[in-house]
There are 4 protein chains.
Amino acid sequence: MTNATTKKRPRKPVRTAKQRRSKETVEVILESATRILSDHGWAALNTNAIAKRAGVSVGSVYEYFPNKHAIIDIILDRHLAQGEALINHGASVISDNPSAEAVVQILVAGFVGIHSDDPKLHRALSSDVPLNGAQQNRVDAVRAKIINLTSAALSTHVKDPKTKATLLVDAADALTHRWLVDEVGVPVSAEVLSNELENMLRLYVLTA
Amino acid sequence: MTNATTKKRPRKPVRTAKQRRSKETVEVILESATRILSDHGWAALNTNAIAKRAGVSVGSVYEYFPNKHAIIDIILDRHLAQGEALINHGASVISDNPSAEAVVQILVAGFVGIHSDDPKLHRALSSDVPLNGAQQNRVDAVRAKIINLTSAALSTHVKDPKTKATLLVDAADALTHRWLVDEVGVPVSAEVLSNELENMLRLYVLTA
Amino acid sequence: MTNATTKKRPRKPVRTAKQRRSKETVEVILESATRILSDHGWAALNTNAIAKRAGVSVGSVYEYFPNKHAIIDIILDRHLAQGEALINHGASVISDNPSAEAVVQILVAGFVGIHSDDPKLHRALSSDVPLNGAQQNRVDAVRAKIINLTSAALSTHVKDPKTKATLLVDAADALTHRWLVDEVGVPVSAEVLSNELENMLRLYVLTA
Amino acid sequence: MTNATTKKRPRKPVRTAKQRRSKETVEVILESATRILSDHGWAALNTNAIAKRAGVSVGSVYEYFPNKHAIIDIILDRHLAQGEALINHGASVISDNPSAEAVVQILVAGFVGIHSDDPKLHRALSSDVPLNGAQQNRVDAVRAKIINLTSAALSTHVKDPKTKATLLVDAADALTHRWLVDEVGVPVSAEVLSNELENMLRLYVLTA
DNA sequence: GATGAATGAGCTTTCATTCAT
DNA sequence: CATGAATGAAAGCTCATTCAT
């Protein structure tokens, strides 16, 4: 009955506790699926394995996800959200300093960032998991957004900005992906290659 | 009676006929698997479907291939062999005219060729079929070979040819692949992009 | 302190309130199960659905019923009780006027009544829900009771009243059920058929 | 090379043997499913049980039937075919002697026949297995056919033959079903009841 | 008592592989 | 060798029931 306790307003503690538990279960399932995906690939991702690694029962998996596909949906959404965050950050940086050089630098740095965080998951999602139409559309939409932003940033500097933007974005994406994610048969270090990529792209936008 | 019939049977021709028939069966199976792969993707590629489309029994499939994986092995090998043929052709052209510009041109033309011939099969093999370690190694080996050839061709023109060769090869491969094979969300035509890619790479090797 | 508080608490009212609440919960669960059964059939009747439609938790369902089967037991009991009420009413009517014609009329009217009230529930209970031995016995007992009452009412009018009663009851039950409940492929209206059934049965008891 | 052997023409013995084996497997699966259905009901009918009782693997069940439903389809088809055979037989008998009495006799005898052969299977199919739309339509079609045939046979004898035919057919079906198939709580023998049913129906058609 | 998250046995279906014919 | 029927492990998913809170 003291003022202090009255002020703290401990409302709905039971429901909150339950909600927390539910959320934790959801997270533990997503974490489990993510780890299986990045450690053993799509082929090893089955609902029983997800449940076992998550330390829950299959039933619990289906308590929170209508089917296996839906789990991938969430993982992909979160992954794309990370990518979009980097884009948005890049876009705001560019708006302050819209030079062609800055665009190139942000682009390469952005894709290095995207491909550096959990590269194995990125690999699984981009070339192992069979994405359905809606999922592929989401991926494409993110790419289109980046190209559009880049194109806009370049529009005052170069002619045919759309073409240049497409080339820049795809080159930055594909090459950082190959060097950081695939990591196979690359005879040169990823850092050196990233720098070189930046050089090449800068030269291209400034000259062509 | 028996003598007569025995004498008339020419032994070798029979075995040859059998071998020819065996070879035909192998081919018809591989053709079947290839078509299923390029028409309906990895998910639709099961041994019964392969046998049915090939017009043979499942048993025959296992007569000539120890398991499903082995079929993919051969298809992949042949696909890589096509790629290597283009490389070797390019290498011979380069040896006559080892200019940096020629290297870039051959490289882009080569990858356009690789990605234009049966793009759907290429797509299936490169991002649908789950390659095992050995298969991935073979793919990597071909890539390494191309990089080495390119590096050698560039060695008299530029400093750090290894880095430049890696970037050139990966850019030509990844970008032509994306534009010709994936064809998703590309706002500019593949031809324009290929030309632009060639421009960018030429500029890069000549200037940097 | 303890005495005071103990004295002030009126024990019985509390328990009664609880019992009332318990009874309400039981009712709401039964109502929920009944509606699901009549609206969507046995296949849709699962304990989670019952709880959700009842607005209670699954746990509560199991608080009041040992298992899913027990819920059906009560629903069936009540349904049979309705049938028995109609029987008892008919029996009292007959006792005032025990003519054979009256028996037939009451019988047909009774079964029409039984099958007209919530026909979909009746349908579900009689041909959708898999009744266990005990449940089937209860259904049979009700039928036996009707046959016995009918047989008694007919005993002064006809010879072999048991046989006639069995035929009368089963005909009235089965045919009104088919025309009112099943409603499949019936080329004539239910009313016409009911009248015709009554004619046939009257003729039979009066003549044979 | 003798005339005798030539005359016998032993063609395609291998294929025939295989076809026989396939057919045997199909039959053993259907037999298994039928027995489970009539012995333990729809609830016990699962594909693993069918395979085990049939002495084959689950895979074999799916070799011959696309899904569990399809097995029921065939069992139901065969069951209905038996019913139709009795109908056709009855129809031909009636055409020789189209008296109302003969119609009643054939009808009751026909339904007794239908319900006497494997009554437990009949019970399972008619009140345990959840028939889908198409299956229910097939059942209804058989019933409609019987009503139409009966109606046609009565048309020269009575007024409103459709109504009378519906009543006759449904009574014969429902009552023989109850007495022969359900066999529950029937206080009088099935034979006596069948005779009495025939009496009742005869009286009805001749008098009303 | 009430809650609803968690459980897991059990069901349907697929498909790489084997083996009797 | 060819055949294709047969196999059975394994995967996706459901739902009656339990139990920690």
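Computed from heavy atoms alone, side chains included, the values below leave out hydrogens, waters and symmetry copies.
At whole-Å resolution of the value, CD1 in A:I29 and C1' in E:dA5 are 11 Å apart. For the pair A:F65 CZ and E:dA6 P, the computed distance is 12 Å after rounding to whole Å. What separates CG of A:N46 from P of F:dG12 is a distance of 5 Å, to the nearest Å.
Looking at the side chain of C:T47, the nearest of the listed nucleotides E:dA6, F:dA2, F:dT17 is F:dT17. Here the side chain of D:S22 is nearest to one of E:dT13, F:dA5, E:dA5, namely F:dA5. Closest approach to the B:N48 side chain among E:dT17, F:dG12, E:dA6 is made by E:dT17 (side chain taken as heavy atoms from C-beta onward). Comparing F:dT17, F:dG12, E:dT13 against the side chain of C:Y62 picks out F:dT17 as the nearest.
Listed pair D:S57 / F:dG8 fails the phosphate criterion, with no side-chain N or O lying under 4.0 Å from OP1 or OP2. Phosphate proximity of E:dT7 to A:S60: present, with a side-chain N or O under 4.0 Å from OP1 or OP2.
Using a 4.0 Å cut-off between a side-chain N of Lys or Arg and a carboxylate O of Asp or Glu, D:R53 and D:D39 qualify as a salt bridge. Salt-bridge check for D:R78 with D:E31: failed, with every basic side-chain N at 4.0 Å or more from each acidic carboxylate O.
Judged by closest nucleotide on DNA chain E, A:G55 is the one of B:K68 and A:G55 placed further toward the 5' end.
Both distances falling under 3.5 Å, in either a Watson-Crick or a G-U wobble arrangement, place E:dC19 opposite F:dG4.
For the 3.5 Å distance criterion, the side chains of A:R35 and A:S32 fail to qualify, holding no donor opposite an acceptor. With no hydrogens or angles considered, a side-chain donor-acceptor pair links A:Y64 and A:S22 at under 3.5 Å.
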